[in-house]
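To start, the structure under review is shown below, and the notes come after it.
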Number of protein chains: 2
Amino acid sequence: MPSRSRHNHQKCIRDAVSAAERICVGRGVRLTPLRRQVLELVWSSHAPIGAYEVLELMAGDGARPAPPTVYRALDFLKTEGLVHRIETLNAFVGCAHPEAPHDAQYLICEACGNAVELEIDGLSRQIQKAAAREGFSVGGQTVEVKGKCGDCLGSRVS
Amino acid sequence: MPSRSRHNHQKCIRDAVSAAERICVGRGVRLTPLRRQVLELVWSSHAPIGAYEVLELMAGDGARPAPPTVYRALDFLKTEGLVHRIETLNAFVGCAHPEAPHDAQYLICEACGNAVELEIDGLSRQIQKAAAREGFSVGGQTVEVKGKCGDCLGSRVS
DNA sequence: AGTGTTATGTTATACTATAACAATTTCGTC
DNA sequence: GACGAAATTGTTATAGTATAACATAACACT
Ligand SMILES: [Zn+2]
Ligand SMILES: [Zn+2]
Ligand SMILES: [Zn+2]
Ligand SMILES: [Zn+2]
């Protein structure tokens, strides 16, 4: 994965929105201008963003929407797997692999705030097996790891 | 692990409080009556309990404390590793292995609300290795699994 | 155009958590 | 036992997160 600090993030946003449009058309659901704007704002950085921060950013346009407006858009995006909610931060972040909805695993940097979505090989399966051993049937998993990212560690291999 | 539905939960609570007292004495920190009461209330079931629910239960005694009172007690208990916070529920639950503070892995039943603390073998290590591969230094992990527990599945092996 | 459905606007409120400062209790020291 | 420092608890106010309930508007389909 490329360093988060030196990629073309405008392209990053455009790609995410393009993918979202394609996905929504394919599913017959509507990525309305409002939902699209919220998605863009969530993607405005790789750091998870709070619902009220999104509100603030929308207020820049003059007319500040009320909380339910942004929460409904976020609910839609989350249901379609276009964003994930970071439970430990009460915040939202764009999904890096939105083609198929999935549980995400996140590395969250406490220094720069960025969150990187992981696919730890076999981890979901392993959790499922351990749960099954307890007679537990798994619905969804939340895996969030806090720490410091490579950029913030100065690119040193710790 | 025994079925959660047919153990002597009064003993369960007493054991947890006894262990907490022992641990706090050993560390030279004070399990005050207030903190002890909050710990008992958190242990009043195996389902995570919200801070304001704890408040309600304390109000039964006549004098209802204000939110900071219970939040401070919960902070103490969490710092000492006597309770864990369940991020996906904004709620707290007693720690099953409080001797040494640790990150917990939880199975949370969406039917009965109970949460069981797991120690999935090697999972922490595996997450740490995957993170290291990304140049990420791990501080803490949150692993919360939602689904249905054995009891609620009718003791069938799904 | 008419109609049911989906999406958005609006107001109010619920739920979760902390800031800031005052009063009290605890504990070691004199 | 009196004193002072430190820790704990009380109190008031407020910040931050999220949803209920109902009104209006846009869309899709005939
Ligand atoms: Zn980017
Ligand atoms: Zn960082
Ligand atoms: Zn029990
Ligand atoms: Zn259950």
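Computation of the quantities below employed the complete heavy-atom set of this structure, encompassing side-chain atoms and omitting hydrogens, waters and symmetry-equivalent molecules. Naming convention: chains lettered A, B, ... in sequence-line order (proteins, then strands); numbering from 1 in each chain.
- For B:Arg64, the salt bridge (Lys or Arg N to Asp or Glu O under 4.0 Å) partners two or more places apart in sequence, or in a different chain, are B:Glu56.
- Between A:Tyr71 atom OH and C:dC15 atom P the separation is 15 Å, expressed in whole Å.
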Protein proximity profile, nucleotides 6-14 of chain D - base contact B, sugar-phosphate-only contact S, no contact -, cut-off 4.0 Å on heavy atoms: --SBBBB--
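- Under the rule for a side chain to side chain contact (heavy atoms under 4.5 Å, CB included), B:Thr79 has no partner lying at least two apart in sequence or in another chain.
- Distance, B:Leu55 CG to C:dA14 C1': 15 Å, rounded to whole Å.
- For the pair A:Asn90 CG and C:dT18 C1', the interatomic distance rounds to 14 Å; values are reported in whole Å.
- Counting side-chain heavy-atom gaps under 4.5 Å among Ile, Leu, Val, Met, Phe, Trp and Tyr, A:Val25 is found in no cluster with other residues.
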Using distance only, find each side-chain donor-acceptor pair of residues 9-18 of chain A under 3.5 Å and give its atom names and separation, not counting sequence neighbours.
unit_1	atom_1	unit_2	atom_2	d
A:His9	ND1	A:His7	NE2	3.2
A:His9	ND1	A:His46	NE2	3.3
A:His9	NE2	A:Trp43	O	2.7
A:His9	NE2	A:Ser44	O	3.4
A:Lys11	NZ	A:Asp15	OD2	2.7
A:Ser18	OG	A:Arg14	O	2.9

Can you give me every donor-acceptor pair (side chain of residues 93-111 of chain A, partner residue at least two apart or in another chain, under 3.5 Å) with its distance?
unit_1	atom_1	unit_2	atom_2	d
A:His102	ND1	A:His97	O	3.4
A:His102	ND1	A:Ala100	O	2.8
A:His102	NE2	A:His84	NE2	3.3
A:His102	NE2	A:Glu117	OE2	2.6
A:Asp103	OD2	A:Gln141	N	2.9
A:Gln105	OE1	A:Ile120	N	2.7
A:Tyr106	OH	A:Glu117	OE1	3.2

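- Between the side chains of A:Glu87 and A:Thr142, no donor-acceptor pair is found at a separation under 3.5 Å.
- B:Leu31 has its CG atom 14 Å from the P atom of C:dT26, to the nearest Å.
- Per the geometry, CG belonging to A:Leu89 stands 18 Å off P belonging to C:dT16, to the nearest Å.
- As a whole-Å value, the separation of A:Leu74 CG from D:dT17 C1' is 12 Å.
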